[in-house]
Participant: 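Handing you a structure now.
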Amino acid sequence: MRIYQHFSVVGFCNTYVVGSKKGGEAILIDPGHVDNELISIIERNNYTISSILLTHRHQSHTKGVGTLLKLYKPTIYAYTSKVYDFEITEIKNDTKIVCGGLDVDIIHLPGHSVDSLVFKIGHALFTGDTLMASRVGSTPGFVERSLLIKIIKKKLLNLDDNLLVFPGHGAPTKIKNEILFNPELTEESASPWLRNQIKLERHNRF
Amino acid sequence: MLVKRKKLDKLYFFDNHKNMFNFKTCKKDNCNAFVTLDSDYCYRHSENKNELLIKMNNLLRNEELIRDITFSHAEFENLSTEQRNFSSSNFSFCTFRNINFSGSRIATCFFDFCLFDNCIFSDTDIRYSVFSGSKILNSNFSNSLLIHNNFSGIDAWFCDFSCCDLYFTTFCNSCLRDVNFEDCNLKKADFRETEQRRLNFKYSNYEDASK
């Protein structure tokens, strides 16, 4: 599996192209903006965009869909049925789909927005605005924030701690790093076992 | 800002040399580390560790492009890897002593929980990379583009980040002592929950950072 990351200068969002090593069908996650560089990534690697996955419907993550529909014929997957006027394949619950020959686990995590989804492809998690390096997504109020932190702990921090996290904005990270160093999730969230493991690991080396 | 503007060919590198290392995990029971250099095991659980280490040292010495490689829990010393391109590689839990990375380009690489002692990263272009949980001692990152990087949870002692562009780089939960951030761009940088002793933010826009 190959993951290509593209930084959209409009909306400052990370867009990801995920496909196989040989080219062919590929998945595009959160097309915030389509420019020559993104098209060049797709075409140089002989990819055809067969699916677009939207983590949520905010403009900075979806504005490029229109341009892509003029070039390719992808199926668009999102939680909500309304993203501009595009035909959407709705995903309502945690489920598994196959896109571009890759298994995609879909996790619904409301909080940043009611339609927020996280995609797990292999050992990579595409978290959109739900979980970023050392921060969680912004929320409209305290209730939503509390809900978001609770659901992140329940659904994401229980996953394999070596999973790579590719967020919608900012640097990549790993689940382990977020458990230990995300100030919004730390303190009570890190399991004593994991903290001990890290301590031991560091103690042995230094 | 004294950060050198990088040439256009670097844009080509960052947009076209990003794949990803092998996601296959080690065959050893209860080990979730990624396998190393087409083996079935991670470096720590490989039987031919010395052989692998020699191979990796040769790669670092001779190859210009280090790409899609996993090599964790290893120790590297006294290497000069100047002007190299590191892309989509995983060096978690490694130790780097006296390594010169100056002038290198590093994209989507994982250096989390590493030890960097006396390393030179000056004039580098590092993007979308993870140094989280690392201990960084006596290292020099000056005059570098360090945008969209994750330095959360680092222990940095006697380090120089002067004249760096640290746009959207996070240092949350870090312990920073005797670190120089003079003349840096700190727009969207994140210093929340950091322990700071003897830091220098002269001529930097510290007010634009989260803290």
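A, B, ... follow the sequence lines: proteins, then strands. Residue 1 opens every chain. Keep in mind the model is a prediction, meaning the values are calculated, not measured. Computed over heavy atoms, backbone and side chain alike; hydrogens, waters and symmetry mates excluded.
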Participant: Heavy-atom cut-off 4.5 Å, strictly under: side chain, backbone, both or neither for B:Thr25 against chain A?
Facilitator: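 Contact with chain A: side chain only.
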
Participant: State the CZ-CZ distance between A:Phe181 and B:Phe151, to the nearest 0.5 angstrom.
Facilitator: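 CZ of B:Phe151 is found 13.5 Å from CZ of A:Phe181.
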
Participant: Is it the side chain or the backbone of B:Thr170 that comes within 4.5 Å of chain A heavy atoms, both, or neither?
Facilitator: side chain

Participant: Can you tell me how far apart SG (B:Cys42) and CG (A:Asn162) are? Round to the nearest 0.5 Å.
Facilitator: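 It comes to 10.0 Å.
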
Participant: Are A:Phe12 and B:Tyr167 close enough that some pair of their side-chain heavy atoms sits under 4.5 Å apart?
Facilitator: yes

Participant: Hey, mind stepping through B:Asn32 and A:Asp161 against side-chain hydrogen bond (donor to acceptor under 3.5 Å, both in side chains) and telling me if it holds?
Facilitator: CA-CA 8 Å; B:Asn32 63 355; A:Asp161 62 36; 3.3 Å; yes

Participant: Can you tell if the side chain of A:Thr173 reaches within under 4.5 Å of the side chain of B:Phe110, non-hydrogen atoms only?
Facilitator: no

Participant: Going from OG on B:Ser88 to CD1 on A:Ile3, what distance comes out if it is rounded to the nearest 0.5 angstrom?
Facilitator: 8.5 Å

Participant: Check whether B:Asp112 gets within reach of chain A through its side chain, its backbone, both or neither, counting any heavy atom under 4.5 Å.
Facilitator: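 For B:Asp112, the side chain is the part near chain A, not the backbone.
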
Participant: Applying salt bridge (charged side-chain N to carboxylate O under 4.0 Å, His left out), can you list everything that pairs with B:Asp117, at least two apart in sequence or on another chain?
Facilitator: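 Counting only residues at least two positions away or on another chain, B:Asp117 forms a salt bridge (charged side-chain N to carboxylate O under 4.0 Å, His left out) with B:Arg97.
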
Participant: Check whether more than 12 heavy atoms from other residues, nucleotides or ligands sit under 6.0 Å from atom NZ of B:Lys211, and answer yes or no.
Facilitator: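 Yes.
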
Participant: Give the interface residues of residues 124-147 of chain A toward chain B, defined by a heavy-atom separation under 4.5 Å.
Facilitator: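 The residues closer than 4.5 Å to chain B, in numerical order, are A:Ala124, A:Ala133, A:Ser134, A:Arg135.
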
Participant: Select all residues of residues 47-57 of chain B having any heavy atom within less than 4.5 Å of some heavy atom of chain A, and report them by number, or 'none'.
Facilitator: none

Participant: Considering non-hydrogen atoms only, spot the tightest contact between B:Tyr128 and A:Pro172 and give its length.
Facilitator: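 Heavy atoms of B:Tyr128 and A:Pro172 come nearest at O-CG, 3.3 Å.
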
Participant: Can you tell me how far the OG atom of B:Ser132 sits from the CG atom of A:Leu180, to the nearest 0.5 Å?
Facilitator: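 Between atom OG of B:Ser132 and atom CG of A:Leu180 there are 8.0 Å.
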
Participant: Compare all side-chain heavy atoms of B:Arg127 with those of A:Phe7 and state whether any distance is below 4.5 angstrom.
Facilitator: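 They are not in side-chain contact.
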
Participant: Heavy-atom count around A:Asn158 CG within 6.0 Å, excluding the residue itself: above 12?
Facilitator: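 Counting other residues, nucleotides and ligands, CG of A:Asn158 exceeds 12 neighbours.
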
Participant: Need one label for B:Phe34: side chain, backbone, both or neither, based on atoms under 4.5 Å from any heavy atom in chain A.
Facilitator: both

Participant: Rounded to the nearest 0.5 Å, what separation is found between the CG atom of A:Asn182 and the CZ atom of B:Arg192?
Facilitator: 7.0 Å

Participant: Could you tell me which residues satisfy salt bridge (charged side-chain N to carboxylate O under 4.0 Å, His left out) with B:Asp178, sequence neighbours excluded, listed by chain and number?
Facilitator: B:Arg198

Participant: Quick one: what part of B:Thr169 sits under 4.5 Å from any heavy atom of chain A, side chain, backbone, both or neither?
Facilitator: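 Contact with chain A involves no heavy atom of B:Thr169 at all.
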
Participant: Cation-pi between A:Lys174 and B:Phe113: NZ/CZ under 6.0 Å from ring centre and within 45° of the ring axis?
Facilitator: no

Participant: Provide the closest heavy-atom pair for B:His148 versus A:Gly170 in the form atom of the first, atom of the second, distance.
Facilitator: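 In this case the closest contact between B:His148 and A:Gly170 is CD2-CA, 3.5 Å.
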
